[in-house]
Amino acid sequence: MKNIFKSSALVVTLLASSSLLANEVPRAFLEGRAAVLRQAGCYVVDYSFVETESLKDGYVTDKRVYDTNSNKTTYELIVPIQKSPTEIRLQHVLFMKDFKTGEVRGLIKHNAEDWAYESSHVFDFVSPGLWNSVPGKLDHGWTRKITNLDDGLRYQCEAQWDLSTFNPEWSCANFAPIPGRETRDMGRKDYNTLDRKSRVIVYENSWVERQDNVKTILADGVKTPLAREAGRTWYVRQPDAACAEARAYAENRKAFWNVLMEVWEEYLATPATFSEKSVVNGMPRFAAMYAVEDEFAERLNSDPSLTETVKSKIRAVIDSYRN
């Protein structure tokens, strides 16, 4: 597993793989990989989500707009990591800057995107906490797996990159848990799942994810649409120096993050049905995992012999949230 932290422009070297041993590497792989790598770098990020239509009798749309940049500027450093010959992780590191003073605050490891070419299996979200694996079904398909803050699975979707357009596009629809921004920031408790439609478009110096979602109430196996939501997350490229603090943070934490990623691969590499608890003893899993990271991240940098101990700690957290 090769880690790519030094340059966002670095191109991942194509390695030998049983699925790619041919005289000519598929265009869908090469150009899809290039589109994924173009998303790496330092960005100002504009998030915007708003309800556009009520879909349930008696429900009045929430007029609030989810916007993180009303009193600050939100940045993300996106670091590419080669997980395998056909899989690339885009690790997001989130932070904010005061638009007047330039002070950096709120620096955290955010979600990651694992882009995999022709995945053998994909995990489908069934209901809150329950996942089922299905075979990968697309020739030349790219699976995009979004992780939680602790690297656990948030949702996964498989589609082909559309390489016929001037700017590469990837569009996919899937069923998913309620977003963290809704429960954490917006205080929503009146729905529990989301029918997502995501469209990723990669431009020369920016990329955007547009969403057309339906907030959905899932109860006793029945889906009740609540409201339609329009979303946009726009990543506008900045000079690398604008993310200097985030890059230093990623360098300092990468030993732990690599171990965390490896342990999760143990759990998700094999097709299976599994269920998880969102809270144990009043604590969400990401908080329990953060505690392990805080205890071991810097020690692991100077003492690699702690790796197996750290893996055991991580497994213990994961197992305690499995049903």
Next on the checklist: Rounded at 0.5 Å granularity, tell me how far NZ in K254 sits from CH2 in W257.
Outcome noted: 11.0 Å
Item to check | Distance, nearest 0.5 Å, that separates CZ of F175 from CG of L194 | outcome: 8.5 Å
Item to check | Parallel, tilted or perpendicular: ring planes of F95 versus Y75, cut at 30 and 60 degrees | outcome: parallel
Next on the checklist: Using a strict threshold of under 4.0 Å (side-chain N to carboxylate O), is an ion pair present between E204 and R237?
Outcome noted: no
Next on the checklist: Could you check whether R188 pairs with D62 (Lys NZ or Arg NE/NH1/NH2 to Asp/Glu carboxylate O, under 4.0 Å)?
Outcome noted: yes
Next on the checklist: I'd like to know if the side chain of T74 pairs up with that of K72 as donor and acceptor (distance under 3.5 Å, no hydrogens or angles considered).
Outcome noted: no
Next on the checklist: Is the shortest side-chain heavy-atom distance between L218 and P128 below 4.5 Å?
Outcome noted: yes
Item to check | Short N-O contact, R154 and E276, less than 4.0 angstrom | outcome: no
Checklist entry - Below 4.0 angstrom, N of the basic side chain to O of the carboxylate: do E293 and R253 qualify? => result yes
Checklist entry - Between the side chain of T61 and the main-chain N/O of K63, is any donor-acceptor distance below 3.5 Å? => result no
Checklist entry - Parallel, tilted or perpendicular: which describes the rings of W234 and Y203, with under 30° parallel and over 60° perpendicular? => result parallel
Checklist entry - Quick one: do R64 and E51 make a salt bridge, cutoff under 4.0 Å? => result no
Next on the checklist: Are K109 and L260 packed together at the side-chain level, in the sense that at least one heavy-atom pair is separated by less than 4.5 angstrom?
Outcome noted: yes
Next on the checklist: Between N148 (side chain only) and D151 (backbone N and O only), is there a donor and an acceptor less than 3.5 Å apart?
Outcome noted: no
Checklist entry - Has the side chain of W264 got a donor or acceptor atom that lies under 3.5 Å from a matching backbone atom of D150? => result yes
Checklist entry - In terms of ring plane angle, is the pair W161 and W170 parallel, tilted or perpendicular, where the classes change at 30° and 60°? => result tilted
Item to check | Short N-O contact, K215 and E182, less than 4.0 angstrom | outcome: yes
Next on the checklist: Whether R199 and E169 form a salt bridge (side-chain N of Lys/Arg under 4.0 Å from carboxylate O of Asp/Glu) is what I want to check.
Outcome noted: yes
Next on the checklist: Under a 4.0 Å threshold between the charged nitrogen and the carboxylate oxygen, would R228 count as salt-bridged to D212?
Outcome noted: yes
Next on the checklist: With rounding to the nearest 0.5 angstrom, report the CZ to OG1 distance, F286 to T147.
Outcome noted: 13.0 Å
Checklist entry - Is the shortest side-chain N to carboxylate O distance from E209 to R232 below 4.0 Å? => result no
